[in-house]
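Each chain gets a letter, A, B and so on, in the order the sequences are listed, and its residues count up from 1. Side chains are part of it too, since the values below use all heavy atoms of this structure and drop only hydrogens, waters and symmetry mates.
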4 protein chains.
Amino acid sequence: MSSLNKVILIGRLGKDPEVRFTASGTAVCNFSLATSETFKDKSGEKQEKTEWHNIQLWSKLAEIAGEYLAKGALVYIEGRIQTRKWQDNSGADRYTTEIVGMQMQMLSSKNEGRSESVAGDQEEPPFRDDDIPF
Amino acid sequence: MSSLNKVILIGRLGKDPEVRFTASGTAVCNFSLATSETFKDKSGEKQEKTEWHNIQLWSKLAEIAGEYLAKGALVYIEGRIQTRKWQDNSGADRYTTEIVGMQMQMLSSKNEGRSESVAGDQEEPPFRDDDIPF
Amino acid sequence: MSSLNKVILIGRLGKDPEVRFTASGTAVCNFSLATSETFKDKSGEKQEKTEWHNIQLWSKLAEIAGEYLAKGALVYIEGRIQTRKWQDNSGADRYTTEIVGMQMQMLSSKNEGRSESVAGDQEEPPFRDDDIPF
Amino acid sequence: MSSLNKVILIGRLGKDPEVRFTASGTAVCNFSLATSETFKDKSGEKQEKTEWHNIQLWSKLAEIAGEYLAKGALVYIEGRIQTRKWQDNSGADRYTTEIVGMQMQMLSSKNEGRSESVAGDQEEPPFRDDDIPF
DNA sequence: TTTT
DNA sequence: TTTT
């Protein structure tokens with residue numbers, strides 16, 4: 001089937017990331033990410049609108065995020081949109097939309113160090129063009 | 001500020017699109033879009049998971065969608081994620097996440113005709129490379 | 001550094017893919033991919049313009065492409081732009097721009113079978129939401 | 001036809017942008033944009049590789065770029081890949097690949113002022129959610 | 001609620 | 001709840 005569900009975000013963490021582990025020991029990291037947009041309202045005044053995204057990372061990506069990200073950090077997240085259904089206290093259906101990140105790039109970090117690109121077990125090609133013998 | 005909120009979807013409409021108009025006459029179009037993903041579960045069985053996205057289009061894009069899209073149509077949507085806060089009957093805060101589409105490309109249509117690309121008032125460059133005199 | 005180099009393509013192969021191997025045995029796959037766009041020229045006539053992209057895949061992704069893709073196949077490619085410098089016969093500098101694919105999704109295949117998503121060693125989260133114990 | 005040709009770049013201008021005009025007065029802006037990537041070479045050393053992209057903007061977007069961008073500025077560009085064929089002095093076919101930008105967001109500017117989002121005639125929805133009467 |  |  002021809003289908004695509006792709007999200008690309010650059011924004012800042014509103015709080016420190018939270019890392020938990022599933023029963024089998026897989027890391028899951030959650031944090032909220034703010035993206036801001038400026039626009040002019042009807043009276044021509046500049047306004048800023050902030051959007052908050054629920055980010056969810058898994059496995060190695062979750063561990064890296066937990067170790068290197070912190071409140072206020074600027075980060076690039078690429079992944080897919082996912083809506084989970086759950087029941088509130090009254091038993092009514094509720095829905096929460098999250099971004100499941102498959103790739104992450106830190107644009108600033110806890111200690112404002114150099115950016116670092118990481119992906120879920122994804123590797124750079126082991127050789128670069130210079131190595132191609134044709 | 002360095003910020004990005006970008007969504008790219010290809011999927012099928014679950015129902016015919018609904019077009020409404022604001023008090024000032026601006027068209028707003030809403031529909032749900034399905035994206036599907038296959039994965040293997042723990043027992044190695046192939047499973048399909050469908051994600052439903054609430055799409056919202058405005059203005060000219062909304063009118064085109066209302067006219068040319070229908071249930072089952074395959075469509076490309078590019079836009080941004082937006083979460084709206086509202087109150088349910090009990091007065092409790094509720095949140096709904098939508099994709100506000102800024103660009104749309106029909107990959108199939110009501111009459112299964114040729115695909116067509118449209119954007120919110122966005123124009124192709126009025127000249128192509130052949131016209132550049134340098 | 002805050003930097004992004006991202007390409008997303010959906011198109012058809014102009015020829016069968018070619019797979020070669022580096023001295024150390026890493027697979028490299030090359031093929032050209034056509035994307036088409038329709039536009040109206042100055043006289044209002046509908047025109048179609050085809051763009052050809054040089055795709056390069058590495059490692060496992062290269063092997064899968066070599067095995068499952070063929071001329072005419074529809075494919076989704078995600079990666080980065082890369083320009084290589086080389087010398088022509090006269091010793092003059094020449095440049096070739098390629099798309100190094102990091103993710104691939106077959107939208108049709110040799111035998112027009114079901115689509116399949118693959119990425120460079122990238123894994124789905126080993127657990128889905130249902131497994132989260134919190 | 002189901003086809004997609006999408007490029008998303010964040011990088012810095014290597015030189016001031018050049019703006020020219022077609023015979024009919026349409027502005028065309030060209031500049032080169034650097035994206036950088038870090039990777040570890042075979043010996044485990046961190047290396048940085050810079051990719052240079054030829055950016056081409058048209059019309060209003062070209063005028064804004066010419067006015068507000070300068071060497072060293074950080075910018076977000078979204079558009080499509082395009083390869084032009086031309087003849088060198090010896091009459092041989094040559095190809096140049098460019099990114100035709102359809103959307104631009106300044107992440108820094110000549111005077112390091114606030115970022116500003118612009119698109120080719122593309123408008124924000126004239127009303128925001130608060131205005132929706134349903 | 002779509003589709004293969 | 002972020003940031004400029």
Taking the side chain of A/Arg12 as its heavy atoms from C-beta onward, which of E/dT1, E/dT4, F/dT3 lies nearest to it?
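Selected nucleotide (nearest to the side chain): F/dT3.
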From the set E/dT1, E/dT3, F/dT2, return the single nucleotide nearest to any side-chain atom of B/Ser32.
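The answer is E/dT1.
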With a 3.5 Å distance limit and no angle check, can you tell me whether A/Thr38 reaches the backbone of A/Glu48 through a side-chain donor-acceptor pair?
no
By salt bridge (Lys or Arg N to Asp or Glu O under 4.0 Å), which residues pair with C/Glu78, not counting sequence neighbours?
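A/Lys6, C/Lys6.
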Spacing between [X] atom [atom1] and [N] atom [atom2], to the nearest angstrom:
| X | N | atom1 | atom2 | answer |
| --- | --- | --- | --- | --- |
| B/Leu74 | E/dT3 | CG | P | 11 Å |
| D/Gln105 | F/dT4 | CD | P | 17 Å |
| A/Ile10 | F/dT2 | CD1 | C1' | 15 Å |
| B/Glu48 | E/dT2 | CD | P | 12 Å |
| B/Asn54 | E/dT1 | CG | C1' | 11 Å |

Please classify the nucleic acid contact of B/Lys15 as base, sugar-phosphate, or nothing, using heavy-atom distances under 4.0 Å.
base
Distance criterion of 3.5 Å, no angle test: do you see the side chain of B/Thr50 paired donor-to-acceptor with the base of E/dT2?
yes
Any residue meeting side-chain contact (heavy atoms from CB on, under 4.5 Å) with A/Asn54, in chain and number order, not counting sequence neighbours
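Partners of A/Asn54 under the side-chain contact (heavy atoms from CB on, under 4.5 Å) test: A/Thr96, A/Glu98.
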A/Asn30 and A/Glu18: side chain donor to acceptor below 3.5 Å
no
